[in-house]
Amino acid sequence: MVDYQEYNTYQKPSWCPGCGNFGIWYALKTAFHELNLKNHEVTMVFGIGCSGNLSNFIKVYGFHSIHGRTLPVASGIKLANHSLNVIATSGDGDGLGIGLGHFIHTCRRNIDITYIIHDNRIYGLTTGQTSPTSPKGIKTKSTPFGAIEVPVNPLALAIISGATFVARGYSGEIDHLAGLITKAVRHKGFSVIDVLQPCVSFNPQFSYPFYNPRVYRLEDTNHDPGHMEEALKLATDTGSDRIPIGVFYQKERETYEEASEELKAGPLINDEIDNIDISPLLERILNS
Ligand code: SF4
């Protein structure tokens, strides 16, 4: 087994003490250990925000992309080398704001990557503005009179857009979250985990005292993740005082890589490119 410490970098995390990102960091390393993944067998893609700082603290191949663009970068990496385990992470701000279109298209393509949303319901790095998952009415620096819009529902959106593994985790339950990440990486197809991640500095109303008494595990109920209507009902039940965590929905469906004729032959990076002559193509372009 790969030692747990092998996924640490020389840098200590710089998140605020008590930040929910610590729980996600631990859970990822626990899942990698459980899956016995060597550092070079994983590529992570990060967005911009407090979640993106994870790129400095976890020792796997990584690409720190730009705001909201983790999924297209992760998709490109997976399509070039679909033998890699590719994991994209982003915050609710970049992933469900500017990156929302990419989210929907990655769901419907069912590319075999895992997507972890660090959902703290606020823009943390910029010190507390309303994000796409902030609740209606929340007062922040950007909405002093209360947010007018209703929030984006990432789980419901993922289910109806075609994602084939949709789960909610909580960074206050690290072992449970590690189990979800392990399942998501093993799942063939696009797997989404929306993680309730307290931002203790800029969204203290959604911190551990709020979540701890409310979360419950779907494994302890008779929920059937193969039942789409049940999953949607749970995902859209935002009025309840109790918050389910676990796998909401899971389904087998052909992945993008399996459906693509070019990729069926093997990863693109294995293609022989030494003897490719592109001069006729260049000539045609230059003369057109
Ligand atoms: Fe975590 Fe919030 Fe601090 Fe960012 S600002 S590191 S999300 S507690």
Side-chain angles (χ1 to χ4, degrees), residues 7-31 44-59 62 64-71 87-100 103 114-135 137-144 147 151-152 154-155 167-178 180-181 192-215 243 245:
Y7 305 111
N8 285 334
T9 61
Y10 63 89
Q11 231 179 321
K12 286 214 172 97
S14 54
W15 295 304
C16 309
C19 173
N21 280 318
F22 283 99
I24 300 175
W25 179 59
Y26 275 114
L28 274 166
K29 293 189 293 178
T30 307
M44 289 193 68
V45 183
F46 309 90
I48 301 297
C50 294
S51 67
N53 292 343
L54 178 62
S55 64
N56 300 307
F57 318 133
I58 194 152
K59 197 162 81 182
H64 202 156
S65 67
I66 55 173
H67 205 235
R69 310 299 179 206
T70 57
L71 286 175
I87 298 169
T89 72
S90 77
D92 46 296
D94 72 328
L96 301 173
I98 191 172
L100 191 65
F103 180 50
T114 296
Y115 185 38
I116 298 173
I117 304 169
H118 300 223
D119 191 350
N120 55 21
R121 307 173 87 176
I122 202 84
Y123 282 94
L125 192 72
T126 48
T127 72
Q129 295 79 22
T130 297
S131 87
T133 56
S134 299
I138 190 172
K139 289 188 178 172
T140 67
K141 286 176 182 167
S142 59
T143 53
V152 167
L155 295 183
R168 181 191 281 139
Y170 170 42
S171 62
E173 295 215 14
I174 297 173
D175 285 345
H176 182 260
L177 179 57
L180 287 180
I181 296 172
V192 180
I193 308 177
D194 182 46
V195 183
L196 308 171
Q197 177 250 307
C199 170
V200 292
S201 297
F202 297 106
N203 204 5
Q205 65 170 305
F206 294 109
S207 193
Y208 304 98
F210 174 83
Y211 287 123
N212 285 345
R214 288 176 171 82
V215 295
I243 303 172
I245 56 173

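Remember, it's 1-based here, ligands and their atoms both numbered in the order they're listed.
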*With atoms numbered from 1 as shown, which atoms in ligand 1 lie under 4.0 angstrom from a non-hydrogen atom of V200?*
8 (S)
*Mind listing the closest non-hydrogen atom pair of F103 and G95 along with its distance?*
CB-O, 4.5 Å
*asked:* Atom CZ of residue position F202 - does it have more than 12 heavy atoms of other residues, nucleotides or ligands inside 6.0 Å?
replied: yes
*Side-chain heavy atoms of S90 within contact of H67, under 4.5 Å*: no
*Can you list the residues that meet the side-chain hydrogen bond (donor to acceptor under 3.5 Å, both in side chains) rule with D92, with sequence neighbours excluded?*
S131, T133
_Under the side-chain contact (heavy atoms from CB on, under 4.5 Å) test, residues paired with A31 that sit two or more places apart_ = I181, T182
*Does a side chain donor of either H64 or S55 reach within less than 3.5 Å of an acceptor in the other side chain?*
yes
*Proximal protein heteroatoms (N, O or S) of atom 4 (Fe) of ligand 1, under 2.8 Å*: C50 SG
*Say whether Q197 and ligand 1 are in contact under the criterion: heavy-atom distance to a ligand atom below 4.0 Å.*
yes
*Could you tell me which residues satisfy side-chain contact (heavy atoms from CB on, under 4.5 Å) with Q129, sequence neighbours excluded, listed by chain and number?*
Y123, T126, T127, K141, S142
